[in-house]
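By convention in this document, chain letters (A, B, ...) are assigned in the order of the sequence lines, proteins followed by strands, and residues within each chain are numbered from 1. Values in this document were obtained by computation on a predicted structure and should not be read as measured data.
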Amino acid sequence: MTIAIQQRTAPIREKRAGDIGAFAGAIGALAREAEAGLVQRVRTFAQDRPSDLQRALDLLRTVEGLGLVVHGPAGCAATLHVDGPTAPWIVSGVGQRDSIMGGDAKLRAAIVELHRTRAPHAIAVLATPVVAINNDDLESVAAELREELNVPIAVVHTDAFRSKLGATGHDVAVHGIVKHLLPHRHGRAGDHLNLIALREGAEDVAHLRALLGELGLDARSFPRHAPAAGLGDAAHARLSVSVDPDEAEYAGEALRQLRGVPYLESPPPVGIAGTARWLARIGAATGREAAATAIADRHARAFADVRARLARHAGAPVFVSLPAGVALGVAELLGEVGLGLAGLALPAVGPRHLARLQALAAERPDLPVLVGEGQAFEEVNLLRALRPALVVTQGHAAVHALRLGLPVLDLHRVPLLGYGGVARVVEAIARRLANPALARFLAAGGEGSYAAGWLARSTHWFIKHEVK
Amino acid sequence: MPIHEDRNGCALHGGLRLLEAVEGVVPILHASPGCGVAARIAGDAYAGGLGGLSTGAQELSATALQEKHVVFGGTSRLREQIKNTVKVQDGDAYVVVTGCVPEIVGDDVPAMVKEAREQRFPVLGVSSPGFKGNAWSGAAGLARALLEGLPGLAPAAADGPAPDVNLLGVVPGQDPTWDGDLLELEAALAELGLRANRLVGIGQGVGAWRQAARARVSVVLSPWGAPAADLLAERHGTPVVTLGFVPVGSRDTGLLLERVGAALGLDVTEIDAARARLDARLRHFLRRATPSLLLGDVLERVAVVGGTAGAIGQARFLAGTLGQQVERVIVTDEPPAEVRAAIVEAVQAVAGGAAGVVFLSSRHEIEAELRAATPELVLGSVLEEPIARELGAALVEAAAPLRATAVLRRSHAGVDGALTLVEAVLASVRRARGEAALPGGSQRVGAPPIAASDPEPQPQRRPCTPALEVVPNA
């Protein structure tokens, strides 16, 4: 993959990574298809899902000192009200007239106003569907104001409709950051690492930084949870390492190809063995193999009796609805703690997952897999058939599962990564399985408004091959 | 004009939240992906929910338009989505709402709706692009469109006894306590034996909207209820009582009963008796707070920040019943210019002419206004937290978005809602005072730090309407 930074924006995930966002069937079939080449499909019935704009906002709001200008109607910025870190932001408030005549003047006013009132270290301007269709000239406005205000301004060309995969927004945001906010490397590399994080929570990142600290490495999160004033440090790192390579690849490759920072990819550090492998690869890349092994062994010993904590529930089937790389890691973690895997729901899947899909398919070729983000109607259809003991997900996605009487572990505030994550997740699973009262109570009120006709159909009913 | 940390969303969001508040209505979102997710996330925040970036909880039927639909049009995609939505989701009515993209592209939504209707599917179409206005106006427009369209799907006569009073103008999601407030007002109207038609919230389905035309009167509780009330007046001759705010406390709830009673020609003695019962109930519980009131747990100089319905009602209660000095009312929902004078009058009639009423929605300007007013207590949203902290003022989250306060059944309307508000004020002042007492906290909540040698500060009172019910009657 070549990073074409001179281009206006990043390519969509479907093209860059070959990812797909629609599939329902057995993992064996998916693995066979992945081997031959994944096929793009569409849904003839769909439910709403996050777009690249929302993913980009979710990422950029964590960059301390970055001011956000959302150029569009006020509602396009509404996700910034979500709980958690929030950068100062302003919305240009595109109205009906601007949607016809263009909103460049409003954009200019918004940037000037944010700079005047909040004096951010840097500014990111995010496009929205209306201004993308109208072709407002964001670049010219930004170029003019960079000089006038003497502040770095990145343009993030989100549009919500180019890609079917919301995660494209991470790449689009990174493209804007690297293009406009990341200085070129001067002098020799520093001693620190870039920990490439795009969607991970602050506690997960802190766990991993502490773990790498045990290895004597100073790891700095990039770009998520990074200070805007420190973004330039990323260009001077000795190495970039991925947290989740599905999301980190574009940033890692951009830093490698454009700033000369080597990039090391590993599957996410989920579970005891998964974290050990991640640590070992970093240890090997930094000349600390022995230390990495010793640290992994020491942590593993602390989990010697981890199965005992969940012994009462041994073999209980768990349905995992998480991003693909993380979900496959959780599948391994469930095995480590003595639980079973009922099925997977993944927002997207791509050729990079082939080996791990094949490995899982070799053991369980009929394991149900659903690919698609935000498609609760398909999950309901599948979960009714599977009746797992627990659903593991992230970001309040599983109200529909609770309605079916299924306990849910939402990892929104439960860290998953590293050894710290193992301990917290095992504890959280034990609690959810011990008392599923809420799910049972909610289920007594009925399963929701899905038609009996749909619930009787196959999960893949509305997934069709895309006609070009 | 750009908006700092906008709290009013877009017309589409208001429309979607209204539809989600009507049981049996299945919205079909014809828009680019993420519009429904954004509405849901903001809606959660407005009600104090604390979820992350949702990936599935919205369960909202959506065309999720792609690039090819932008280029070639999304009409056929909408046809496909309508056809399949009726197969996947059971509903009494399906309402297609359009976002910005199909409006710009020019999709022929009416044709698709007509086609579905010809197949005997109960489908309506409502244009609600985000660029046409904020969420308040979007909800107002959609309410009017539902009243216009839903009766055409089935006759009203089949829906049981007619209601007496339509309650219009409380906006689901934007008014954080909308559900509870409407239930409180329903209970208040029941004091006169009247049957309220809340239209949204628990137990309110398509039938309630069909029945609205049969009600004897419509009560407008904010400017956002006017378009629906006007439609009912034009089409069905339903009289309109414009209160313009959600009544908080017995005084204004009694005013509501009086105005409705007059419109319906009810016996004045019955109304007076109902008002007396409301007063007695508030007085009974408020007596328990009098030690706190006398000891200064209700700070006197207050600013109220919020939408018209909530902010006016709260300001009038704080001034008219608790005897507080309302310094500023900052109305954030951008009401139409022609009703602003009436809003100012409604506040100043109770809080006095010196109570400043301004209309602002940008956080930065609101902060500047509060900085100038230096209140001791702020009723507002979580967006006012930093400025309240800066001023050493206590904050009660009473407007959207919320962060520390979760709203399930909470209400600030009527007598019981007013008591909830008083409880929140007392808790907030005590909490802020506790924080101020901690090392590093400001010396005194509600005032700038005082030097030890300063004389005892005198309250900066100005003349205003005397409190009505703060002194319990024997």
If you tally heavy-atom pairs under 4.5 Å against chain B, which of A/Gly95, A/Pro88, A/Gly453, A/Gly93 wins?
A/Gly95
Considering only heavy atoms, which portion of B/Lys83 lies under 4.5 Å from any heavy atom of chain A: side chain, backbone, both, or neither?
neither
Does atom CZ (A/Arg97) have a neighbourhood of more than 12 heavy atoms from anything else shown, all under 6.0 Å?
no
Taking all atoms of both residues into account, what is the closest heavy-atom pair of A/Trp89 and B/Asp6, and its distance?
CH2-N, 3.2 Å
Who are the side-chain hydrogen bond (donor to acceptor under 3.5 Å, both in side chains) partners of A/His81, not counting sequence neighbours?
none
Considering residues, nucleotides and ligands other than A/Arg116, do more than 12 of their heavy atoms fall under 6.0 Å from its CZ?
yes
Mind ranking B/Gly130, B/Ala42, B/Ala62, B/Cys10 by heavy-atom pairs under 4.5 Å with chain A and telling me who comes out on top?
B/Ala62
Tell me, out of A/Val94, A/Asn381, A/Thr117, who's got the most heavy-atom pairs with chain B below 4.5 Å.
A/Thr117
When you compare the side chain of A/Pro73 with that of B/Cys100, does any pair of heavy atoms fall below 4.5 Å?
yes
OG1/B/Thr85 to CZ/A/Phe377 distance, rounded to the nearest 0.5 angstrom?
9.5 Å
Report which part of A/Leu53 has an atom under 4.5 Å of a heavy atom belonging to chain B: side chain, backbone, both, or neither.
neither
In this structure, are over 12 heavy atoms from other groups packed under 6.0 Å from A/Trp454 atom CH2?
yes
Return yes if some donor-acceptor pair links the side-chain N/O of A/Gln47 with the main-chain N/O of B/Ser61 below 3.5 Å, else return no.
no
Among B/Ala38, B/Ser362, B/Pro33, residue most engaged with chain A (heavy-atom pairs, under 4.5 Å):
B/Pro33
Okay, B/Val88 and chain A: the region with an atom under 4.5 Å from a heavy atom over there is both
Tell me the closest heavy-atom pair linking A/Val130 and B/Phe131, and the distance in Å.
CG2-CD2, 4.3 Å
Is a side-chain donor or acceptor of A/Asp48 paired with a backbone partner of B/Leu60 at a separation under 3.5 angstrom?
no
Taking non-hydrogen atoms and a cut-off under 4.5 angstrom, which of residues 133-141 of chain B neighbour chain A?
none
Does a sphere of radius 6.0 Å around CZ in B/Arg371 hold more than 12 heavy atoms from other residues, nucleotides or ligands, not counting ones at 6.0 Å or beyond?
yes
Of the listed B/Lys68, B/Arg77, B/Arg7, the one with the largest count of heavy-atom pairs under 4.5 Å with chain A is B/Arg77
B/Glu67/A/Lys164 under salt bridge (Lys or Arg N to Asp or Glu O under 4.0 Å): CA gap, chis, key distance, verdict
CA-CA 9 Å; B/Glu67 194 160 23; A/Lys164 295 187 193 76; over 6 Å; no
Region of A/Ala77 in contact with chain B, defined by heavy-atom distances below 4.5 Å
neither
Which atom of A/Gly75 lies closest to which atom of B/His13, heavy atoms considered:
O-CE1, 3.1 Å
What part of A/Ser92 lies closer than 4.5 angstrom to a heavy atom of chain B: side chain, backbone, both or neither?
backbone
Evaluation steps, salt bridge (Lys or Arg N to Asp or Glu O under 4.0 Å), between B/Glu59 and A/Arg403
CA-CA 13 Å; B/Glu59 298 182 68; A/Arg403 255 189 351 244; 3.0 Å; yes
Using every non-hydrogen atom in the two residues, find where B/Cys35 and A/Gln54 come nearest and quote the distance to one decimal.
N-NE2, 4.3 Å
Are any non-hydrogen side-chain atoms of B/Glu5 and A/Ile90 less than 4.5 angstrom apart?
no
Given heavy-atom pairs under 4.5 angstrom as the criterion, report whether the side chain, backbone, both or neither of B/Ile28 touches chain A.
neither
Please evaluate residues B/Glu80 and A/Arg43 with respect to the criterion salt bridge (Lys or Arg N to Asp or Glu O under 4.0 Å), reporting the C-alpha separation (whole Å), side-chain torsions for both, the decisive distance (0.1 Å), and the verdict.
CA-CA 10 Å; B/Glu80 179 180 68; A/Arg43 286 182 167 82; over 6 Å; no
If you count heavy atoms of other groups shown closer than 6.0 angstrom to NZ of A/Lys464, is the number above 12?
yes
Restricting to ring pair (Phe, Tyr, Trp, His ring centres under 6.0 Å), what partner residues turn up for B/His4, sequence neighbours left out?
B/His364
Going by ring pair (Phe, Tyr, Trp, His ring centres under 6.0 Å), name the residues that satisfy it together with B/His69, two or more places apart in sequence or in a different chain.
none
Close side-chain approach of B/Gln89 and A/Phe45, heavy atoms under 4.5 Å
yes
Residues B/Asn84 and A/Thr44: closest non-hydrogen pair is ND2-O, 2.9 Å
Structural part of A/Ser163 lying under 4.5 Å from a heavy atom of chain B:
backbone
If you draw a 6.0 Å radius around CD1 in B/Ile202, do more than 12 non-hydrogen atoms from other residues or ligands fall strictly inside?
no
Is there a side-chain contact between A/Phe161 and B/Leu65, using heavy atoms and a 4.5 Å cut-off?
no
Minimum heavy-atom separation for A/Tyr450 to B/Asp90, with atom names?
O-OD2, 3.8 Å
